[in-house]
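Have a look at the structure below before the remarks.
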Amino acid sequence: MDLQSVGKLLNRALGWSVNASAFGAASIVVILMAMVVADIFGRKVLNKPVPMSYEVGAFMLVFIVFMGLAYSQRQKAHIRVEILTLRMSPKIRAAMDLFAYTLGIGIYGLIFYETFKWSYHSFEIGEYVAGLVNIPKWPSQFAVAFGALLISLQFISDWVYRVVDLVVLWRQPSSAEVPEVEELPGDAAAEPAISD
Amino acid sequence: MDDLYWGIIGFVAVLSLMALGVHVGLALAATGFIGMFLMTGKISLALALFTTTPYSTTNVYAFAILPLFIIMGLFAMHAGLSARAFDAAYKWVGRLPGGMAIATTWANAMFAACTGSSVVACAVFTRISLPEMDRRGYDKAFACGTIAAAGMLGMLIPPSALMIVYGILTEQSIGKLLIAGVGPGILLTLIFTLGIVVVAARYPDRAPRAEYAPPLAERLKATIGVVGILLLVVGIIAGMYTGIFTPTEAGAAGAAGALVLALLAPLMERWIFRADTAMAASSNPPADLPDEESIASPQGPIPPPAAVQLERPGLTWGRFSQAMKEAAQTSALVFFILIGAMIFARFLVLTGLPGEFVEVVQEAQIPTMLIMILFLIMYVFLGMFQDSISMMSITLPIVDPIITGLGIDRVYFAMLVIMSIEIGLITPPVGLNVYTVRSVAVQMPEGANLTLENIFKGILPFFFLSIVALIILIAVPPISTFLPSKMFG
């Protein structure tokens with residue numbers, strides 16, 4: 001297997017994980033809605049509130065946000081100011097993207113490292129929220145680490161695609177030979193759009 | 001004093017990174033992290049920001065309101081609310097000068113009571129109202145201007161994503177902010193209505209007057225179509241107001257209610273409106289054929305509008321899962337920025353910039369009102385280039401302490417900020433509402449050759465009207481503060 005197909009395979013695996021994670025986040029939105037409604041009903045009508053619903057609701061938001069984080073990046077939905085970037089040449093734009101993704105890898109890589117240590121520690125000492133039922137804290141803390149890891153990997157994948165773009169763009173004007181230029185559009189790795 | 005410079009450098013760094021195209025959430029987080037490290041010289045302190053902030057920003061029950069209100073809005077959309085609200089509003093106010101434009105505004109107000117997004121409102125109503133207004137000979141620029149301006153209501157009338165974000169960033173009661181939006185929302189609706197009547201009376205060619213007056217029975221029937229959603233909206237607002245619901249619970253109840261309405265929508269359609277074609281035809285009575293016979297006829301002179309054909313209300317599995325995914329994604333988007341904002345804010349607190357600013361202002365004896373107005377002008381200006389959430393994330397950590405330090409009511413100021421930001425959304429060069437309207441309009445036959453300039457021209461009267469509304473809001477604080485001050489809890 002050449003490098004390109006390995007890359008594609010890895011990207012597909014990442015895409016699958018990111019989508020599965022987003023599906024998980026979406027399911028938790030449903031569960032959150034159902035739980036809060038059940039809590040209202042239980043409290044107002046049956047006089048039996050759902051135990052620990054405030055704490056669990058807060059945990060669910062952590063899951064929703066961090067499991068959806070990488071998906072949003074894969075969709076290129078995270079907000080950026082594009083008033084300047086859109087006016088740049090494709091080369092400079094690719095370089096700017098690389099810079100942004102590098103920062104993304106750095107920050108979320110560090111967040112992953114820090115929160116993973118933290119959640120592992122919490123798991124080891126068995127940290128929990130006390131109440132009617134004691135709920136361990138580590139699953140929601142681990143969700144932060146998981147989400148940070150996934151979005152870091154997504155940033156890495158985007159980074160690699162942009163590097164390939166940049167290389168292709170750089171070669172383009174200099175390569176006067178017809179065959180090489182014709183070959184380029186078929187180069188799947190050069191396509192910035194990601195599809196599974 | 002040295003620390004102060006760090007704060008200023010921090011702001012410059014965030015803005016520069018953003019200009020370089022770095023994601024807003026990343027620009028804020030990176031600046032906060034590096035700034036913290038450089039200021040304290042301790043990497044452990046900087047890393048501590050990354051350990052706890054992402055978790056503490058999301059592990060809050062009150063913030064779970066965001067995904068819940070997002071799905072409520074999406075369900076309400078699938079319940080066919082927008083088209084029916086437009087239909088009902090038109091039947092009641094259609095005879096006024098500029099009746100269609102007024103109906104668009106009112107339908108937007110109703111839609112805004114279910115969703116918290118201006119962009120969604122603009123996209124939906126371009127599809128629904130533009131063809132209708134076009135067929136009645138409305139000036140296209142004026143029609144698009146109406147739609148883009150009415151989209152402003154989405155962020156004022158609760159639920160509003162902006163209010164939620166504002167509450168999170170400034171650590172104040174989200175419920176109070178949401179309730180506070182009712183007054184300004186109604187004010188803006190009334191001012192727009194008045195403005196449309198004046199414009200339509202002065203320039204009848206821009207908004208030809210319809211002679212059509214549906215019988216009372218038909219008006220009531222159209223109203224039935226929106227009764228469910230109105231009850232739901234009134235219910236959750238009243239529930240929040242009286243303290244029966246927490247805001248998060250109101251979000252869940254609203255989402256569940258809208259889900260039921262979306263599931264029932266196809267049945268409603270069949271029972272109340274008989275068939276799709278009948279509904280479409282009766283909702284769009286030709287101006288010159290007011291009798292009911294010809295209206296109900298599917299072979300009427302005017303074909304049913306594209307919007308009704310395109311978007312049959314109802315909830316399929318695909319739409320349901322799409323709505324959930326969208327709620328998760330939007331929550332991720334918003335919190336991606338908010339996490340960065342919180343990291344940045346912690347760094348900013350350490351620099352002491354906000355406190356220093358208050359002192360400088362107080363020593364210089366600058367009138368409070370002047371400072372406030374300068375801030376609002378800044379927001380209108382920033383709103384011309386930037387999206388609302390990033391703008392608030394960058395500025396509020398410093399602006400809110402200043403406002404509090406100056407003794408200005410925070411809820412009152414929040415309403416003014418959101419109004420100013422919304423004005424930025426309809427002004428060039430980056431009027432988000434205008435872009436949205438245009439991008440949807442050009443895909444339709446009615447708006448194929450609309451340019452941004454056209455729409456900006458059409459929106460001009462609304463720009464002045466919103467400035468008037470903003471001035472009234474500044475001059476009469478109770479519009480913003482009366483409801484929340486009487487609120488339970």
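Within every chain, numbering begins at 1; the chains are lettered A, B, ... in the order of the sequence lines, protein sequences first and strands thereafter. Just so it is clear, the model here is predicted, and its values are computed rather than measured.
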Contacting region of [X] [heavy-atom separation from chain A under 4.5 Å]:
X: B:Leu66; answer: neither
X: B:Leu49; answer: neither
X: B:Val24; answer: both
X: B:Ile339; answer: side chain
X: B:Ile337; answer: side chain
X: B:Phe33; answer: side chain
X: B:Leu333; answer: both

### Message
Once rounded to the nearest 0.5 Å, what's the spacing between atom CD1 of A:Ile105 and atom CG of B:Leu26?
### Response
10.5 Å

#### Entry: From A:Ile40 atom CD1 to B:Ile244 atom CD1, the distance as rounded to the nearest 0.5 Å
10.5 Å

Would you say the side chain of [Y] lies within less than 4.5 Å of the side chain of [X], judging by non-hydrogen atoms?
X: B:Phe336; Y: A:Val65; answer: no
X: A:Ile107; Y: B:Phe50; answer: yes
X: B:Phe245; Y: A:Val36; answer: no
X: A:Leu61; Y: B:Val60; answer: no

On a heavy-atom basis, which atom in [X] and which in [Y] lie closest, and how many Å separate them?
X: B:Ala256; Y: A:Val37; answer: CB-CG2, 3.7 Å
X: B:Gly21; Y: A:Ala100; answer: O-CB, 3.9 Å
X: B:Ile71; Y: A:Met33; answer: CD1-SD, 3.8 Å

## Note on the structure
Per-residue tally against chain A (heavy atom, under 4.5 Å) across B:Ile70, B:Val334, B:Leu68 peaks at B:Leu68

### Query
So which of B:Val22, B:Leu259, B:Ile389 has the largest heavy-atom pair count under 4.5 angstrom toward chain A?
B:Val22

Proximity breakdown for [X] and chain B, heavy-atom pairs closer than 4.5 Å:
X: A:Ile28; answer: neither
X: A:Leu69; answer: both
X: A:Phe112; answer: neither

### Query
Tell me the salt bridge (Lys or Arg N to Asp or Glu O under 4.0 Å) pairs involving residues 66-75 of chain B, sequence neighbours left out?
none

Just list the donor-acceptor pairs under 3.5 angstrom between chain B and chain A, please.
from: B:Gly21; atom 1: O; to: A:Arg80; atom 2: NE; distance (Å): 2.7
from: B:Gly21; atom 1: O; to: A:Arg80; atom 2: NH2; distance (Å): 2.7
from: B:Val24; atom 1: N; to: A:Ile79; atom 2: O; distance (Å): 3.0
from: B:Thr51; atom 1: OG1; to: A:Glu114; atom 2: OE1; distance (Å): 3.0
from: B:Tyr55; atom 1: OH; to: A:Ser140; atom 2: OG; distance (Å): 2.7
from: B:Ile244; atom 1: O; to: A:Lys44; atom 2: NZ; distance (Å): 3.2
from: B:Glu249; atom 1: OE1; to: A:Arg43; atom 2: NH2; distance (Å): 3.0
from: B:Glu249; atom 1: OE2; to: A:Arg43; atom 2: NH2; distance (Å): 2.4
from: B:Gln329; atom 1: O; to: A:Ser72; atom 2: OG; distance (Å): 3.4

### Query
More than 12 foreign heavy atoms under 6.0 Å from CZ of B:Phe11: is that the case here?
yes

